[in-house]
Amino acid sequence: MLNKQWTGLLTATLLYTNVSATVWAQGDIDLTPSSPQRNVILIIGDGMDDQQITIARNYLVGANGRLLLDELPMRGAVQILAIEDKLGGKPVYVSDSANTATSIATGEITSRGRISTRAGDNQIFPTIAEIAQQRGFRTGLVSTASVTDATPAAFAAHMSARLCQSPDLMQEVFYSDVFMGDCAQETKAQGGPGSISEQLAESKLDVILGGGSQYFMPLTEGSTSSTVLETARAAGFTTVASAAELADVASVNRLLGLFSPDTMPVRLRGENGRKAESPEASWLNSIHRYLGDVTQPAAMVCEANPDFSGMPSLSEMTDAALHILDREESPGFFLMIESASIDKQSHYRKPCGSIGELEQLNEALASALAFAASHPNTLVLVTADHSQAAQLVPIDSLFRSFPIPIFTPGKLARIETPEGSLMAINYATNNFSAEEHTGANVPIFGNQEAIGRVPTFLSQPEIFEVMRDYLRLD
Ligand SMILES: [Zn+2]
């Protein structure tokens with residue numbers, strides 16, 4: 001961009017020669033006189049591959065409708081990659097949110113479960129938020145997960161294992177009674193950075209909004225009286241805990257909002273809380289014409305999740321974050337917004353939950369684009385961290401005429417869409433109580449600022465480079 005003096009001169013020239021500023025603005029030269037700041041708004045749909053987008057589009061706006069996402073002028077594909085947990089490790093083709101968020105936040109590929117640290121030797125990778133902070137930019141993280149969960153954590157914390165979210169979870173972490181590892185060498189007593197919630201409380205972030213209050217309740221390591229939340233307050237964060245408090249908060253300098261103990265409740269759920277179920281096959285048909293029948297799960301609609309009541313929406317959190325981050329005296333800001341439960345609800349085989357979270361992402365995008373419309377040097381990117389299990393499959397099998405029962409070995413949800421059709425969503429990555437991620441490319445979308453800056457096919461570390469270059473952090 002030109003400096004202020006040149007911008008003023010060119011603007012005057014444009015006025016004098018009566019040339020349309022719109023025409024000039026289409027070239028390489030940025031002539032925007034009112035906004036010398038540069039901002040990046042990065043929206044991550046966790047697990048939001050094209051299957052999840054298509055399922056949500058069909059339900060939310062119909063097969064002939066278009067999501068706001070679909071209207072963005074730039075669209076490409078992003079390759080996902082992890083490596084084994086050792087120096088120079090071989091490629092691992094299916095990722096998790098920790099290593100993928102690390103790639104986007106730092107430009108480095110690492111192993112599954114790591115938060116902005118190097119596979120093999122735990123070296124710390126600086127994040128886009130930390131680099132921006134050093135140059136005076138304001139920074140914020142918004143998520144419908146716990147703010148200590150992998151995606152937001154990777155932008156502002158460093159840890160060998162994502163489960164080390166609070167001071168009491170630094171040693172012998174269990175998940176469903178199974179030992180998952182620890183971060184004993186990363187406590188402050190061992191010279192480490194302390195848990196993820198402590199790192200957030202002691203970070204230079206200006207806005208942190210989402211779930212995860214339980215991770216801020218333990219005492220800060222080494223303190224006999226101060227919880228992590230109190231440590232955050234002492235560091236200058238104003239804290240809020242409800243949608244009403246968020247709506248009333250004044251124009252504070254730093255804001256920490258924690259609206260639920262862990263992941264925030266989702267907006268939609270299956271009818272009476274239903275999720276995908278197993279088809280039932282009978283190998284003896286009552287008419288004896290065929291060898292058997294299949295009873296598919298009963299169709300259902302999506303309904304409002306009562307637990308969502310009282311929660312701020314993702315767009316309300318986005319608006320609050322933008323209001324606080326946009327300050328005239330700063331060179332701009334970096335904001336990451338995550339719609340987390342597209343992924344988490346897919347793990348639980350709950351397609352309605354994923355659909356509602358994608359709707360939330362679409363609304364947050366509307367907030368971001370409205371901001372960008374009045375702040376021209378704002379790059380808006382939307383992408384996903386990895387693909388997920390849910391697949392859109394036929395309502396009637398192509399092979400239904402065969403004289404044997406044909407059915408999925410996985411779980412199936414059949415959803416009645418508002419436009420009157422049925423949609424079948426299949427989950428079949430394993431036989432456990434939770435589904436797995438998958439390894440396909442994910443999409444990336446961008447506003448006008450992304451055109452010419454984001455290749456149509458790129459790897460996740462290149463997203464970091466695009467954001468760093470846009471904010472001129474070299
Ligand atoms: Zn996941």
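In each ligand, atom 1 is the first atom listed, and ligand 1 is the first ligand listed.
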Checklist entry - Cationic tip of Arg38 within the cone over Tyr470's six-membered ring, i.e. under 6.0 Å and within 45° of the normal? => result yes
Item to check | His347: its N/O/S atom lying closest to the Zn ion (ligand 1) (atom name) | outcome: NE2
Next on the checklist: For the aromatic rings, using the six-membered ring if either is Trp, is the centroid distance between Phe179 and Phe174 under 6.0 Å?
Outcome noted: yes
Checklist entry - How about Phe371 and Phe333: are their ring centres within less than 6.0 Å of each other? => result yes
Checklist entry - For Thr238 and Val252, which heavy atoms make the closest approach, and how far apart are they? => result OG1-CG1, 3.6 Å
Item to check | Residue Asp343, metal the Zn ion (ligand 1), N/O/S under 2.8 Å | outcome: yes
Next on the checklist: Suppose we only count N/O/S atoms under 2.8 Å; would His386 qualify as near the Zn ion (ligand 1)?
Outcome noted: no
